[in-house]
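Chain letters run A, B, ... following the sequence lines, proteins first, then strands; residues in each count from 1. Scope of the values below: all heavy atoms of this structure, side chains included, with no hydrogens, waters or symmetry mates.
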Amino acid sequence: MTIEQQLALLKRGTTEIISEADLKEKLESGRKLRVKLGVDPTARSVTLGWAVVLRKLRDFQRLGHTAVLIIGDFTSLIGDPSGKSKTRPQLTVEEVQANVDSVLTQIDTILDVSKTEIRFNREWLGKMSFEDVIRLTSRYTVARILERDDFTKRLREERPIAMHEILYPLCQGYDSVAVQADVELGGNDQKFNNLVGRNLMAQFGMEPQVVVLSPLLVGTDGKEKMSQSLGNYIGVKDEPNDMFGKAMSIPDEIMENYFELATDVPMDEVRTLIASDANPRDIKRRLAREIVALYHSQEAAQSADEYFLSTFSRREQPVDAEPADIPAELGDADINLASLIVGLELAKSNGDAKRLMQSGAVSLDGEKATDPSARFQRSDLVGKVLRIGKHHFRKLS
RNA sequence: GGGUAGAUGCCCGAGUGGCCAAUGGGAACAGACUGUAAAUCUGUCGGCGGGAGCCUACGUAGGUUCGAAUCCUACUCUACCCA
């Protein structure tokens with residue numbers, strides 16, 4: 001692959017490269033570059049949004065460079081203030097470890113983990129003495145830290161900024177020094193932190209890293225950035241049908257964005273597809289298939305597509321609704337449907353379940369069950385398909 | 001250290017002694033319509049209960065009162081001004 005082709009591949013799905021000329025130079029050097037991505041183990045699910053940068057890291061990896069994945073086990077004790085209007089809760093050591101374990105098993109669908117250098121930043125940050133910290137902080141000024149938009153905003157809105165939060169960019173920047181990064185990847189919201197890394201590296205007499213920024217993937221709601229806490233995410237470990245369904249529920253306008261950031265479909269093809277007069281729904285089906293194929297398989301994508309069409313487009317009963325046992329404690333007679341729904345974890349409380357029934361969201365074998373006071377025999381329920389809302393089906397047994 | 005303002009449900013925010021499980025908006029959930037899109041309309045939106053009703057909740061802990069989100073005391077936290 002020529003340098004130009006490599007650059008083109010690496011530029012897909014990025015908003016900014018600081019600077020492209022530097023990146024080109026580094027690629028031309030023929031060296032095996034050290035490409036850093038820092039991850040904050042605050043979430044347990046790897047989402048497609050997170051996958052955007054992980055996939056970019058994979059691109060570098062496939063070009064023969066060294067992927068250096070930094071698990072921010074130390075920095076997550078601080079909590080990245082990026083994009084946050086509130087101080088994040090600080091995690092305990094146990095919570096961090098649990099998250100790390102879960103995250104590592106998830107990213108192997110994206111990266112070649114065996115070839116990835118995985119480092120925990122406690123390795124160097126945890127060893128620093130207070131004197132080291134003071135020396136580090138003396139390299140930056142308060143004004144420069146406060147330039148950062150999140151902080152400016154919080155100051156303006158008279159919201160708290162805790163002292164430790166302003167150390168976050170320095171910690172992350174110091175990671176780059178410690179692992180001698182050539183390139184650092186990040187989401188757009190990481191720009192400030194990444195640039196601090198460049199500055200610190202220069203201060204330590206190193207060649208500053210190139211910063212490659214990717215846009216943030218919008219969540220399935222089409223409004224906020226995709227994040228686990230907002231619940232608008234697609235997880236890389238989601239079941240095929242679920243993943244497909246979530247992909248279908250995104251607004252039309254963000255389809256192109258999803259193709260670019262979450263699939264490998266060539267962009268020329270995507271643009272032609274979107275410009276054509278094909279039914280947007282079918283373009284979106286293609287998108288959903290691509291995504292499922294990436295994290296599961298072609299076959300899984302195909303069957304998820306079929307499931308979707310029959311269940312939702314043609315509104316048929318799913319043939320293979322998820323089986324569910326009627327909890328034994330409900331007894332055999334006088335079964336209250338609301339308790340059953342709660343027992344199957346399809347509603348969070350009895351009141352909630354009753355409300356769903358009253359609003360017509362609950363049906364048994366296609367017949368609406370709207371009366372919360374109705375009682376059922378176990379034998380009447382077994383074998384029927386319980387439907388809650390549009391999405392949830394359970395075959396009772 | 002001194003002063004001022006403030007802390008209400010997922011978020012914003014109204015409420016200054018009973019009519020408050022708490023106005024309004026957003027988010028969310030459900031129904032109708034659809035392409036599980038968008039927009040729109042409708043309903044719901046602390047827990048338990050078939051219901052009557054009961055319980056828990058307005059920063060924390062006490063107190064006053066027949067009765068407190070509302071009054072008093074102490075404490076915790078936040079912002080701003082002065083040092």
Side-chain angles (χ1 to χ4, degrees), chain A residues 83-87 89-90 146 151-163 165 218-234 238-259 274 277-289 291-292 304-318 334-343 345-363 366-376 386-393:
Chain A
K84 298 286 166 182
S85 52
K86 278 186 185 166
T87 306
Q90 297 179 27
L146 293 182
F151 290 146
T152 313
K153 229 185 259 167
R154 275 156 74 170
L155 279 177
R156 199 171 52 228
E157 289 167 7
E158 304 188 348
R159 288 171 179 282
I161 299 172
M163 288 284 288
E165 291 182 87
V218 183
T220 51
D221 57 5
K223 291 175 213 148
E224 308 280 348
K225 87 170 210 189
M226 183 178 285
S227 83
Q228 200 179 2
S229 52
L230 293 172
N232 60 357
Y233 71 99
I234 302 177
D238 282 354
E239 292 304 315
N241 287 345
D242 205 20
M243 193 181 256
F244 195 97
K246 283 184 184 174
M248 287 304 285
S249 74
I250 66 168
D252 291 357
E253 303 79 66
I254 60 176
M255 278 197 287
E256 180 172 341
N257 188 247
Y258 266 57
F259 268 113
I274 287 176
D277 54 5
N279 184 335
R281 184 196 60 172
D282 294 324
I283 302 176
K284 212 185 283 176
R285 278 174 54 209
R286 167 75 191 279
L287 171 67
R289 279 200 305 270
I291 292 173
V292 175
D305 193 0
E306 280 155 20
Y307 174 85
F308 178 83
L309 281 183
S310 68
T311 307
F312 299 111
S313 298
R314 297 201 294 274
R315 297 183 185 232
E316 292 163 0
Q317 287 283 346
D334 290 334
I335 293 178
N336 178 346
L337 209 50
S339 314
L340 174 61
I341 293 167
V342 175
E345 296 183 344
L346 293 166
K348 61 182 190 323
S349 68
N350 276 336
D352 198 28
K354 273 182 226 164
R355 280 179 228 116
L356 285 168
M357 292 177 75
Q358 278 160 350
S359 63
V362 176
S363 63
E367 258 180 70
K368 284 196 178 179
T370 52
D371 178 11
S373 63
R375 292 293 179 270
F376 298 82
L386 174 69
R387 176 179 191 153
I388 313 292
K390 289 193 184 70
H391 302 234
H392 305 289
F393 299 91

Quick test: give all pairs of protein nitrogen or oxygen and nucleotides 2-8 of chain B nitrogen or oxygen below 3.5 Å, distance rounded to 0.1 Å.
none

Between the protein and nucleotides 28-31 of chain B, list the N/O to N/O atom pairs that are separated by less than 3.5 angstrom.
unit_1 : atom_1 : unit_2 : atom_2 : d
B:A30  : O2'    : A:S359 : O      : 3.4
B:A30  : O2'    : A:S359 : OG     : 2.7
B:G31  : O4'    : A:S359 : O      : 3.2

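With sequence neighbours left out, the side-chain contact (heavy atoms from CB on, under 4.5 Å) criterion links A:R281 to A:M248, A:N279, A:L309, A:S313. In terms of the side chain to side chain donor-acceptor pair (under 3.5 Å) criterion, residue partners of A:S373 (sequence neighbours excluded) are, by chain and number, A:D371. Contacts of A:D242 classified as side chain to side chain donor-acceptor pair (under 3.5 Å), with partners at least two apart in sequence or in another chain: none. Evaluation of the side chain to side chain donor-acceptor pair (under 3.5 Å) rule for A:R289 yields A:D305 as partners, not counting sequence neighbours. A:F244 is linked by a ring pair (Phe, Tyr, Trp, His ring centres under 6.0 Å) to A:F308, counting only residues two or more places apart in sequence or in another chain. In this structure A:D282 satisfies the salt bridge (Lys or Arg N to Asp or Glu O under 4.0 Å) test together with A:R285, sequence neighbours excluded. Under the side-chain contact (heavy atoms from CB on, under 4.5 Å) criterion, A:E256 pairs with A:M267, A:V270, A:R271, A:I274, not counting sequence neighbours. Every side-chain contact (heavy atoms from CB on, under 4.5 Å) that A:D352 has, sequence neighbours left out, goes to A:A347, A:K348, A:S349, A:R355. Listed by chain and number, the residues in a side chain to side chain donor-acceptor pair (under 3.5 Å) with A:D252 are A:K284 (sequence neighbours excluded).
The phosphate of B:G49 has OP1 or OP2 within less than 4.0 Å of a side-chain N or O from A:N350.
Listed here is the closest heavy atom pair of A:Y258 and A:V218: OH-O, 2.6 Å. Closest non-hydrogen pair, A:P372 versus A:M357, comes out as CA-CE, 4.0 Å.
Of the C1' atoms belonging to B:G47 and B:U42, the separation is 26 Å, rounded to the nearest Å. Atom C1' of B:U60 sits at a distance of 16 Å from the matching atom of B:G6, rounded to the whole Å. Only the C1' atoms considered, B:C45 is 10 Å distant from B:A30, to the nearest whole Å. Nucleotides B:G9 and B:U44 place their C1' atoms 16 Å apart, quoted to the nearest Å. Comparing B:C10 with B:C58, their P atoms sit 12 Å apart, to the nearest whole Å. Spacing between B:U16 and B:A68 at atom C1', rounded to whole Å, works out to 11 Å. Across the C1' atoms, B:G67 and B:G17 are found 8 Å apart, a figure rounded to whole Å. Comparing B:A74 with B:G26, their C1' atoms sit 37 Å apart, to the nearest whole Å.
The separation between A:I161 atom CD1 and B:C80 atom C1' is 14 Å, rounded to whole Å. Whole-Å rounding puts the A:N279 CG to B:U34 C1' distance at 11 Å. Atom CG in A:N336 sits roughly 11 Å away from atom P in B:C48 (whole-Å rounding). In this structure, A:R281 places its CZ atom 12 Å from P of B:A37, rounding to the nearest Å. A:K348 has its NZ atom 15 Å from the P atom of B:U44, to the nearest Å. Per the geometry, CE belonging to A:M163 stands 13 Å off P belonging to B:U78, to the nearest Å. Rounded to whole Å, atom C1' of B:G50 lies 14 Å from atom CZ of A:F376. Taking atom NZ of A:K354 as the reference point, atom C1' of B:G50 lies 7 Å away to the nearest angstrom.
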Problem set entry | Nucleotide pairing, RNA chain B (Watson-Crick or G-U, distances under 3.5 Å), in dot-bracket with [ ] and | | ((((((((.[[[..)..(.....]]].(((((.......))))).(((....)))...[[[[[..)....]]]]]))))))).
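Side chain of A:S363 to backbone of A:A369: no donor-acceptor contact under 3.5 angstrom is found.
Checked by distance alone, A:D252 brings a side-chain donor or acceptor within 3.5 Å of a matching partner on the base of B:G35.
Nucleic acid contact class of A:K246 (heavy atoms, under 4.0 Å, all strands): none. Residue A:P251 is classed as a sugar-phosphate contact, given heavy-atom separations below 4.0 Å to backbone atoms only. Using a 4.0 Å heavy-atom distance criterion, A:R285 is classed as making no nucleic acid contact.
Along RNA chain B, the nucleotide nearest to A:Q358 and the one nearest to A:S249 differ in position, and the one closer to the 5' end is contacted by A:S249.
Two residues are said to be in side-chain contact when any heavy atoms from C-beta on lie closer than 4.5 Å; A:V362 and A:L346 fail this criterion.
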